A.B. asks: 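First the structure, which I've put down as C-alpha cells, then a few questions once you've had a look.
Only a predicted model underlies this, so the values are computations on that prediction, with no experimental measurement involved. The analysis underlying the following values was restricted to heavy atoms, covering all of them including side chains, and did not include hydrogens, waters or symmetry mates.
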Amino acid sequence: MTASNQIVRAAFATMRRDGPRRHRDIAKILSISEAELLAAHCGEPDPQESVALEVTRLGHQWSEQISRLETLGPVMALTRNASCVHEKMGVYRSVSQTGDIGIVLGEAIDLRIFYKNWHLGFAVIEKTARGLQHSLQYFDRYGVAVHKTFLLPDSDMTAFLDFKNHFAEKDQSYKVGVSPKAFPRADRADCEIDVQGLQREWCEMSDTHDFFLLLKKYHVSRLQAFRLVGAGYAQAVRPGECRRILSFAVDKKIPIMVFVSNPGMIQIHTGLIKNISVTKGWLNVLDPDFNMHLRQDQIASAWVVRKPTVDGVVTSLELFDHSGELILMLFGQRKPGVPENIQWRALLDHLFDASRQCAA
C-alpha cells in the first residue's frame, strides 16, 4: 500500500465517522474521482488499520456480469448524473445485447446500457451504522459512476459473494487509469446547420428513436436541435414546471415514464408515482419501488418536445443543466403501437401553448 492510499483510506474513514457524506462528495473533497476513492481500498489492508470499506476490482466482462445480476434477487438499481438520482427496486430480468448496447427489460428494472463507456467495476462491502452494505459499482473512464446495484434485505448474499469471487480481477492494485474529464464540445454555429433539412426530417420521423439519427446526421446537440426545429415541435418552458407536472401526474393518477441517463446508462421508471416531497432544494419521488432525487437549482432550462411517430405525436418534458447536459426526461406511459396518453398530452400541450403566449 502506498502512502497516498493510506491518506485516502484514513480521510475516508474520518469523514464517514463525522457525518453521512456520500462517496461522491468525499472524493470531491479529496480532489480525486469516485472510482479512485474505491480503488484506494483494493488489496489487503494494513493489519493496524480500521477498515471501513472492502473493495474488490472486477474484470471487464460487463454483459456477462449484468446477465448474472438476476441471481441476486431483489435489489436496488441506481443510475445518476450530476443533477438527478434514479433508484429502482426489482430484479434484473430479460437481459440481452446488440453490439455494445445492452438491454434489461424486467417488470421493474428497465435499462439501456452503453458498454463502450464502461471502464471499471467494483464489488463493495461497507461498514455502516445499519450494518454491512453490499453493492456493485461501475464507472466510466473519468472515474464517474455510470451504474450501481445495492443489495436489499431480501437479496441473495451467497449469490453476491459468488459473483464477487467469480468476476474478481487478478490485479487488485489501486491504479485505475482514469482520465481528466473533457469539456463538452461546443455546438457548431447555427449558420452551418442545414436547418430546413433538419425541420423536414423532424416532421417525417416515424419513431422516437429516429431522433438520435437526426442529431447525428445534422451534427447538432439536443438543445441546438430544439432551438432550430421551430416552436411547433420544441418550446422552452419555465425550469420549475417539472414539479408541477409531477404533482399533476400524482393527483390525476397519470402513469408516466421517467428517464435518467449518463453516457453509460439510461434507467427508466414506468408507472404511477404517488409521493412527492421537496427537501433542501431536492425534488423527491419517494415510492416503495421507485425513488428519484432531482436538484432543482441545477435545472437551467426545460423544454416541451413533440416527436412524430407512426402512433401519433409523442410529447416529453426534458430538463437540462447549465452546461447543456440532459438531466431528465418525462413521458406519458406508452408502448409501441399505442397512442400517447390523452391526459398527458393535454397537460403538456397546455404548458406548451401557455409558454408560447408568454414568449409572444
Side-chain angles (χ1 to χ4, degrees), residues 23-24 27 33-44 53-81 86-126 132-152 155-179 260-268:
H23 292 184
R24 180 187 180 95
S33 70
E34 189 177 352
E36 290 171 298
L37 175 68
L38 292 183
H41 291 81
C42 286
E44 291 296 322
L53 279 179
E54 176 189 327
V55 179
T56 302
R57 185 201 303 270
L58 303 175
H60 289 190
Q61 313 94 325
W62 307 132
S63 61
E64 186 181 345
Q65 290 179 37
I66 293 298
S67 295
R68 190 155 168 171
L69 289 178
E70 183 174 356
T71 65
L72 304 182
V75 293
M76 188 263 277
L78 185 153
T79 296
R80 70 164 300 157
N81 51 49
H86 190 295
E87 301 168 350
K88 189 72 179 178
M89 275 55 76
V91 179
Y92 287 75
R93 289 200 172 105
S94 300
V95 178
S96 63
Q97 183 176 0
T98 301
D100 58 8
I101 298 177
I103 298 176
V104 178
L105 280 177
E107 291 181 6
I109 297 178
D110 187 356
L111 308 172
R112 306 295 178 271
I113 311 166
F114 307 101
Y115 290 121
K116 68 179 182 180
N117 293 322
W118 287 38
H119 182 64
L120 294 162
F122 302 95
V124 181
I125 302 174
E126 181 172 3
L132 293 179
Q133 181 185 76
H134 299 76
S135 63
L136 301 165
Q137 304 190 23
Y138 299 96
F139 298 82
D140 65 16
R141 66 183 180 275
Y142 307 116
V144 177
V146 294
H147 190 63
K148 299 181 181 182
T149 302
F150 289 89
L151 271 66
L152 302 172
S155 303
D156 189 326
M157 189 58 61
T158 299
F160 172 83
L161 296 176
D162 288 345
F163 185 107
K164 176 174 74 74
N165 294 332
H166 180 79
F167 291 110
E169 189 72 87
K170 289 183 180 179
D171 178 12
Q172 292 295 322
S173 68
Y174 68 93
K175 295 181 180 179
V176 292
V178 298
S179 304
V260 170
S261 63
N262 59 53
M265 180 69 76
I266 299 172
Q267 184 162 307
I268 307 162

A.B. asks: Less than 4.5 Å apart, side chain to side chain, heavy atoms only: is that true for T149 and Y92?
C.D. replies: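 In contact.
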A.B. asks: NE2 of H134 to CG of L161: how many Å apart, nearest 0.5 Å?
C.D. replies: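 Between H134 NE2 and L161 CG, I get 6.0 Å after rounding to 0.5 Å.
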A.B. asks: Please check if the side chain of T98 supplies one atom and the backbone of I101 the other of a donor-acceptor pair under 3.5 Å.
C.D. replies: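 Not a single qualifying donor-acceptor pair exists.
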A.B. asks: For the NE2 atom of H23 and the CD atom of E34, what is their distance to the nearest 0.5 Å?
C.D. replies: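 Result: 7.0 Å between the selected atoms.
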A.B. asks: Please find the pair of heavy atoms, one from L53 and one from H41, that lie closest to each other, and give the distance.
C.D. replies: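 Residues L53 and H41, closest heavy atoms: CB-CD2, 3.6 Å.
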A.B. asks: Which atom names give the shortest non-hydrogen contact between S63 and Q97, and what distance separates them?
C.D. replies: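 Taking S63 first and Q97 second, the nearest heavy atoms are CB-OE1, 2.9 Å.
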A.B. asks: Would you say R57's side chain and S173's backbone share a donor-acceptor pair under 3.5 angstrom?
C.D. replies: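 Between the backbone of S173 and the side chain of R57 there is a qualifying donor-acceptor contact (under 3.5 Å).
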A.B. asks: Once you measure the plane-to-plane angle for H119 and H60, does it fall in the parallel (<30°), tilted (30-60°) or perpendicular (>60°) bin?
C.D. replies: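 The arrangement is tilted - the two ring planes meet at 30° to 60°.
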A.B. asks: Closest approach of Q172 and V55, non-hydrogen atoms and distance?
C.D. replies: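 Taking every non-hydrogen atom into account, OE1-O, 4.1 Å.
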A.B. asks: For the pair T79 and I266, evaluate side-chain contact (heavy atoms from CB on, under 4.5 Å) and give the outcome as yes or no after the intermediate values.
C.D. replies: CA-CA 7 Å; T79 296; I266 299 172; over 6 Å; no
A.B. asks: Is there a side-chain contact between T71 and D162, using heavy atoms and a 4.5 Å cut-off?
C.D. replies: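 No, every pair of side-chain atoms sits at 4.5 Å or beyond.
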A.B. asks: Check the pair R68 / Q61 against side-chain contact (heavy atoms from CB on, under 4.5 Å), numbers first and verdict last.
C.D. replies: CA-CA 11 Å; R68 190 155 168 171; Q61 313 94 325; over 6 Å; no
A.B. asks: Check the orientation of W118 and Y115. Use parallel for under 30°, tilted for 30 to 60°, and perpendicular for over 60°.
C.D. replies: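 Ring orientation of W118 relative to Y115: perpendicular.
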A.B. asks: Looking at side-chain heavy atoms only, is the closest gap between Q267 and V260 below 4.5 Å?
C.D. replies: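 Answer no - side chains too far apart.
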A.B. asks: Of all heavy-atom pairs between F163 and L58, which one has the smallest distance, and what is that distance?
C.D. replies: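 Between these two residues, the closest heavy atoms are CE2-CD1, 4.1 Å.
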A.B. asks: If I compare all heavy atoms of V178 with all of Y142, which pair ends up nearest, and what's the gap?
C.D. replies: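 Answer, listing the atom of V178 first, then Y142: CB-C, 4.0 Å.
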A.B. asks: Check whether any side-chain heavy atom of I268 sits under 4.5 Å from a side-chain heavy atom of L111, and report yes or no.
C.D. replies: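 No. Closest side-chain heavy atoms not under 4.5 Å.
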A.B. asks: If you round to the nearest 0.5 Å, how far is CG of D156 from CG of L151?
C.D. replies: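 That separation rounds to 8.5 Å.
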A.B. asks: Determine whether R80 and R24 satisfy the following criterion, side-chain contact (heavy atoms from CB on, under 4.5 Å), listing intermediate values before the conclusion.
C.D. replies: CA-CA 11 Å; R80 70 164 300 157; R24 180 187 180 95; 3.7 Å; yes
A.B. asks: S155 side chain to P74 main-chain N or O, any donor-acceptor pair under 3.5 Å?
C.D. replies: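 Looks like yes, one N/O pair under 3.5 Å.
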A.B. asks: CG/D100 to CD1/I113 distance, rounded to the nearest 0.5 angstrom?
C.D. replies: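 Interatomic distance, D100 CG to I113 CD1, rounded to 0.5 Å: 11.5 Å.
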A.B. asks: Between F167 and T56, is there a side-chain heavy-atom distance shorter than 4.5 Å?
C.D. replies: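 Result no, sub-4.5 Å side-chain heavy-atom pair not found.
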A.B. asks: Could you tell me whether the side chain of E54 reaches within less than 4.5 Å of the side chain of K164, counting heavy atoms only?
C.D. replies: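 K164 vs E54: side chains touch.
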A.B. asks: Kindly give the heavy-atom pair with the smallest separation between P263 and N117, and that separation in Å.
C.D. replies: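 Smallest interatomic distance, heavy atoms only, reads O-ND2, 2.7 Å.
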A.B. asks: Checking V104 against I66 for the side-chain contact (heavy atoms from CB on, under 4.5 Å) test, could you report, in this order, the C-alpha distance in whole Å, the side-chain angles of both residues, the deciding distance, and whether it holds?
C.D. replies: CA-CA 9 Å; V104 178; I66 293 298; 3.8 Å; yes
A.B. asks: Is the backbone N or O of L78 less than 3.5 Å from a side-chain atom of H147, with the two atoms forming a donor-acceptor pair by type?
C.D. replies: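 A pair under 3.5 Å: yes.
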A.B. asks: Is there side-chain contact between M89 and L152, with at least one heavy-atom pair below 4.5 Å?
C.D. replies: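 Side-chain contact under 4.5 Å: yes.
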A.B. asks: Do Q65 and Y138 meet the criterion of a side-chain donor-acceptor pair at a distance under 3.5 Å?
C.D. replies: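 Yes, side-chain donor-acceptor contact under 3.5 Å.
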A.B. asks: Step through the shown structure and confirm whether more than 12 heavy atoms of other residues, nucleotides or ligands are within 6.0 Å of CZ on R112.
C.D. replies: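 Counting other residues, nucleotides and ligands, CZ of R112 exceeds 12 neighbours.
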A.B. asks: Sub-3.5 Å donor-acceptor pair from the side chain of N262 to the main-chain atoms of V146, do we have one?
C.D. replies: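 Yes.
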A.B. asks: What is the distance from atom NZ of K116 to atom CG of D140, rounded to the nearest 0.5 Å?
C.D. replies: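 Answer for the NZ-CG pair, K116 versus D140, is 13.0 Å.
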A.B. asks: Indicate yes or no: at least one non-hydrogen side-chain atom of V124 is less than 4.5 angstrom from one of L38.
C.D. replies: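 The answer is yes; the side chains approach within 4.5 Å.
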